[in-house]
Amino acid sequence: MMRYALALAAAVFAATGLAGTSQAQEDVSLGTGVLLRGLDKIDGDTTDLQIRNGEVARFGSLEIGLRDCRYPVGNPSGDAFASLTIQETDAGEQKVLFDGWMIASSPALNALDHFRYDIWVLRCTVPAGVQDPAQQTAPPPPGEDDLPPDSEAAPVD
C-alpha cells in the first residue's frame with residue numbers, strides 16, 4: 001500500500017512538472033477582445049459573442065465580462081486564453097457563476113457550470129493589421145487550366 005501511494009505521488013509530481021526544471025513559457029500577445037460561443041441547452045441555439053476588453057455582454061440571463069484575452073505570438077487563432085467573469089441575476093441578486101481563465105483549446109478544463117448555458121472561447125480578436133493565419137482564405141485548388149501543357153489528364157470512368 002505504501003509503495004502504491006509513493007508511486008501515485010511520484011506520478012502526480014511528474015505530471016504537474018514539479019519534478020524537473022521549470023517549463024518554458026510561451027510568449028503571448030494581448031488581443032483587443034474575444035470571440036465566445038454560447039449555447040442555450042434548452043433551445044439548442046448557439047450565439048457567437050464578440051466582447052472587447054473591459055466590456056460586458058449579455059447572453060440570456062448571463063452577463064459576461066472580459067478582462068483580457070491572450071494568444072500565442074504570431075498565432076491569434078491558436079490557444080486563446082480569456083479572463084472572464086460570468087454573472088447571473090436571480091431574483092434581483094447578482095450571483096457570480098464563473099471568475100477565471102477559459103482556454104480555447106481545452107474548453108472543459110475550466111468551464112462554466114450552469115444548467116442552461118454553456119460558454120466557451122473560440123479565439124481572441126486582434127488589432128487591425130495583425131495577420132491571423134486561420135482567418136485568411138486558402139488559394140483555390142489547381143484546375144485544368146493550371147496544369148502544365150505537356151501533362152496529360154487521365155480519363156475518368
Side-chain angles (χ1 to χ4, degrees), residues 1-2 4-141:
M1 182 68 165
M2 181 65 145
Y4 174 76
L6 287 174
L8 180 62
V12 169
F13 194 66
T16 59
L18 300 173
T21 60
S22 65
Q23 297 175 350
Q25 290 181 337
E26 189 172 13
D27 290 334
V28 295
S29 294
L30 185 62
T32 57
V34 69
L35 181 63
L36 302 173
R37 180 156 294 153
L39 169 66
D40 183 327
K41 296 184 237 181
I42 293 175
D43 295 341
D45 294 331
T46 59
T47 303
D48 288 352
L49 306 162
Q50 191 164 346
I51 308 172
R52 298 187 56 77
N53 292 343
E55 292 184 354
V56 175
R58 290 200 58 86
F59 177 67
S61 63
L62 304 179
E63 288 185 355
I64 306 161
L66 173 68
R67 286 185 287 278
D68 64 37
C69 190
R70 300 174 188 178
Y71 60 91
V73 171
N75 188 7
S77 294
D79 200 10
F81 299 82
S83 179
L84 303 169
T85 300
I86 302 174
Q87 302 181 79
E88 182 174 39
T89 303
D90 186 24
E93 183 178 322
Q94 288 277 31
K95 179 180 176 186
V96 176
L97 302 175
F98 180 89
D99 188 25
W101 291 90
M102 280 191 185
I103 305 168
S105 65
S106 302
L109 183 62
N110 201 13
L112 170 67
D113 183 22
H114 193 273
F115 75 96
R116 181 169 185 167
Y117 301 111
D118 274 343
I119 301 286
W120 63 94
V121 176
L122 295 177
R123 64 180 174 84
C124 292
T125 56
V126 295
V130 174
Q131 295 293 331
D132 184 354
Q135 301 304 314
Q136 297 176 4
T137 58

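Just the heavy atoms: all of them, side chains too, but no hydrogens, waters or symmetry mates, feed the values below. The shown structure was predicted, so the numbers you read here are calculated from the model rather than taken from an experiment.
Looking only at side-chain heavy atoms (C-beta outward), W120 and L39 come within less than 4.5 Å of each other. Residues R116 and D43 meet the side-chain proximity criterion, which asks for heavy atoms closer than 4.5 Å. At a threshold of 4.5 Å between non-hydrogen side-chain atoms, the residues L66 and R52 do not count as touching.
Within a 6.0 Å sphere centred on CD of E93, heavy atoms belonging to other residues, nucleotides or ligands number 12 at most.
Note: L36 CG to I64 CD1 = 6.0 Å, rounded to the nearest 0.5 Å. Rounded to the nearest 0.5 Å, atoms OG (S106) and CG (D79) are 6.5 Å apart. A distance of 10.0 Å separates CD of E63 from CD of E88, quoted to the nearest 0.5 Å. Going from atom CZ of R37 over to atom OG1 of T46 covers 5.5 Å, rounded to the nearest 0.5 Å.
Without hydrogens or angle criteria, D118 side chain to K41 main chain gives no donor-acceptor distance under 3.5 Å.
Of all non-hydrogen atoms in Y71 and L30, the two that sit nearest each other are CE2-C, 4.0 Å. Considering every non-hydrogen atom in both V56 and G65, the closest pair reads CG2-CA, 4.0 Å. Summarising the geometry of D40 relative to F59, their closest heavy-atom pair is N-CZ, 3.9 Å, with the distance given to 0.1 Å. Heavy-atom minimum distance, I103 versus F81: CG1-CD2, 3.5 Å. Between C69 and N53, the shortest heavy-atom contact is N-OD1, 3.7 Å. The nearest pair of heavy atoms linking F98 to N110 is CE1-O, 3.5 Å.
Of the residues listed (L84, T85, I86), the one engaging D99 in a side-chain contact (heavy atoms from CB on, under 4.5 Å) is T85, and it is the only one.
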Worksheet item: Would L112 and M102 satisfy side chain to side chain contact (heavy atoms under 4.5 Å, CB included), going step by step from the backbone distance to the final call?
Response: CA-CA 9 Å; L112 170 67; M102 280 191 185; 4.1 Å; yes
